[in-house]
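First the structure, in the form of C-alpha cells, and then the observations on it.
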2 protein chains.
Amino acid sequence: MKNKKYIKGFLEDIVLHLINEQDEMYGYEITKKVQNLTKGAIAVSEGALYPILHKLENEKKLTATFKKVDGRTRKYYTITPEGGKTVASSSTELIDFFSGMQQIFNLKPVVK
Amino acid sequence: MKNKKYIKGFLEDIVLHLINEQDEMYGYEITKKVQNLTKGAIAVSEGALYPILHKLENEKKLTATFKKVDGRTRKYYTITPEGGKTVASSSTELIDFFSGMQQIFNLKPVVK
DNA sequence: TTTCATACCTAAGAATCAAATGTATTATAA
DNA sequence: TTATAATACATTTGATTCTTAGGTATGAAA
C-alpha cells in the first residue's frame, strides 16, 4: 500500500467533501468509499479518520447521530452550514494546489 | 500564503523532479522556480528544503558541487542514476494518487 | 467455532514541514 | 553612504498530521 505519505493534509478535505456530497455518512463507510473510488490507490486509516471526525464535530462543522442498523451502531455525520463554508473555501485552495502541481510536473490540466 | 499543509509528502518528489528536468539546480533556485511555476500557489520553505537536499545527497540520489557565481557560492545539485530510478517510480505513484483525488473530488482527469 | 467483515475507538511514536534565526555577499534605494 | 532588499547557504525548535498497533463488540460465513 503506497501513497501513504501523499494523503497528509488532504484527509480533512476528503472527509468534508464526501459527507457534503452524500448528506450523511459514517466513519467506516468513508474508508470503504475512498477505497472504491480510488481503486485502492488511496487508503484512509481509521487511526487518522476518527480523530478528524471528532475534531470536525467539535468545531461544529459536522453533527452526528447514532443509529442502530442490523444490530450494529453507526455514527452518522452530517455537514453543518459552517462545514459547508469550509468545503467551499478549501475547494478553491485544492484547485490552486493541484494546478500548481501540474505546472511543476507538467501534467495536463485538471480543472478548467 | 495558503496551501501550506498540502505540500506535505510532495516536497521530496518536487525537488527530485525539478533537478531531474533541469540537469542542475541550487537550493535557492528551487524555491524561486516553484514560486514562478505555481504563481505563488505553492511555496517551498528553506527550512524544509535544505534538510531534504542534504538527505537526498546522503542517499546518493543527488550529487553536489559548489560553484562561485558573481561572488556568491551556490551549491549545485545533479541527479544520480539512483535518483533517476526514484523519480521514475514515484512518478507513477503520484499519478495514481492524483487520479484517486480526482475520483474523490470529481475533477477532470489529469493524466492520459 | 473460528475467522472475517463491520463498526466504533485511543495511545504512542514517527515523519514532515513552518517559523524563526543566523551568517555572508551583492545590488538597490534613500 | 548607508540602510534595506535580494541572493544564498544553513540549523533548531516545535506543531501538525498521520501510521502503527492495539482494544471492544456484533453479525455473517466457513
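The analysis underlying the following values was restricted to heavy atoms, covering all of them including side chains, and did not include hydrogens, waters or symmetry mates.
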B/Lys67 NZ/CZ over B/Tyr76 ring centroid, <6.0 Å and within 45° of normal: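 So B/Lys67 does make the cation-pi contact.
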
Regarding B/Gln103 and A/Asn36, is there a side-chain donor-to-acceptor distance under 3.5 Å anywhere?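 No, no side-chain donor-acceptor pair sits under 3.5 Å.
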
Which residues, if any, of residues 12-27 of chain A bring a heavy atom under 4.0 Å of DNA chain C?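 Only A/Tyr26, A/Gly27 qualify.
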
Please report the distance, rounded to the nearest Å, between [atom1] in [X] and [atom2] in [N].
| X | N | atom1 | atom2 | answer |
| --- | --- | --- | --- | --- |
| A/Tyr76 | C/dA7 | OH | P | 8 Å |
| B/Lys32 | D/dC9 | NZ | C1' | 14 Å |
| A/Leu11 | C/dT16 | CG | P | 16 Å |
| B/Leu53 | D/dA8 | CG | C1' | 12 Å |
| B/Glu59 | C/dA15 | CD | C1' | 13 Å |
| A/Ile7 | D/dT19 | CD1 | P | 6 Å |
| B/Lys68 | D/dC9 | NZ | P | 13 Å |
| B/Leu49 | D/dT12 | CG | P | 17 Å |

If you restrict it to nitrogen or oxygen atoms, what contacts under 3.5 Å exist between nucleotides 19-24 of chain C and the protein, and what is each distance?
unit_1: C/dA19; atom_1: OP2; unit_2: B/Lys4; atom_2: NZ; d: 3.0

On DNA chain C, compare the nucleotides closest to B/Gly71 and A/Val69; which residue's is nearer the 5' end?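 The residue whose closest nucleotide sits nearer the 5' end is A/Val69.
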
Is there a donor-acceptor pair under 3.5 Å between the side chain of A/Thr80 and the backbone N or O of A/Lys60?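 Side chain of A/Thr80 to backbone of A/Lys60: a pair is present.
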
Has the side chain of B/His17 got a donor or acceptor atom that lies under 3.5 Å from a matching backbone atom of A/Ile104?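 At least one qualifying donor-acceptor pair exists.
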
Relative to each other, are the rings of B/Phe10 and B/Phe98 parallel, tilted or perpendicular (30° and 60° limits)?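 B/Phe10 vs B/Phe98 ring planes: parallel.
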
Let's see if you can work this out: which of D/dC9, D/dT19, D/dT11 has an atom nearest to the side-chain heavy atoms of B/His54?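 For B/His54, the side-chain atoms sit closest to D/dT11.
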
Out of D/dT11, D/dA10, C/dT10, which has the shortest distance to the side chain of A/Pro51?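 Nearest to the side-chain atoms of A/Pro51, counting from C-beta on, is C/dT10.
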
Check this one for me: any side-chain N or O of A/Tyr28 less than 4.0 Å away from OP1 or OP2 of C/dT6?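 It does, given that an N or O in the side chain of A/Tyr28 lies less than 4.0 Å from OP1 or OP2 of C/dT6.
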
Could you say whether A/Lys55 or B/Lys75 is positioned toward the 5' end of DNA chain D, judged by the nucleotide with the nearest heavy atom to each?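 Its nearest nucleotide being more 5', the pick is B/Lys75.
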
Between B/Tyr77 and B/Val69, is there a shared hydrophobic cluster once you connect ILVMFWY residues whose side-chain heavy atoms come closer than 4.5 Å?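 Yes, B/Tyr77 and B/Val69 fall within the same hydrophobic cluster.
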
Would you classify B/Phe10 as touching base, sugar-phosphate or nothing, given that sugar-phosphate means primed atoms plus P, OP1 and OP2, and contacts are heavy atoms under 4.0 Å?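 Counting heavy atoms under 4.0 Å across all strands, the contact made by B/Phe10 is with sugar-phosphate only.
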
Can you give me the closest heavy-atom contact between B/Ala48 and B/Leu11, atom names plus distance?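 Smallest heavy-atom distance, with atoms named: CB-CD1, 3.5 Å.
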
Can you sort out the partners of B/Asp13 under side chain to side chain contact (heavy atoms under 4.5 Å, CB included), two or more places apart, ordered by chain and number?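 With sequence neighbours excluded, B/Asp13 shows a side chain to side chain contact (heavy atoms under 4.5 Å, CB included) to A/Lys5, A/Tyr6, A/Phe105, B/Ser90, B/Leu94, given in chain and number order.
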
Can a donor-acceptor pair under 3.5 Å be found between the side-chain atoms of B/Lys8 and the base atoms of C/dT16?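 Present.
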
Nearest 0.5 Å please: distance from the CD1 atom of A/Ile79 over to the CG atom of A/Leu62.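 Reported value, rounded in 0.5 Å steps: 6.0 Å.
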
Could you go through the salt bridge (Lys or Arg N to Asp or Glu O under 4.0 Å) check for B/Arg74 and B/Glu29 one step at a time? CA-CA 10 Å; B/Arg74 294 175 179 170; B/Glu29 185 185 9; over 6 Å; no

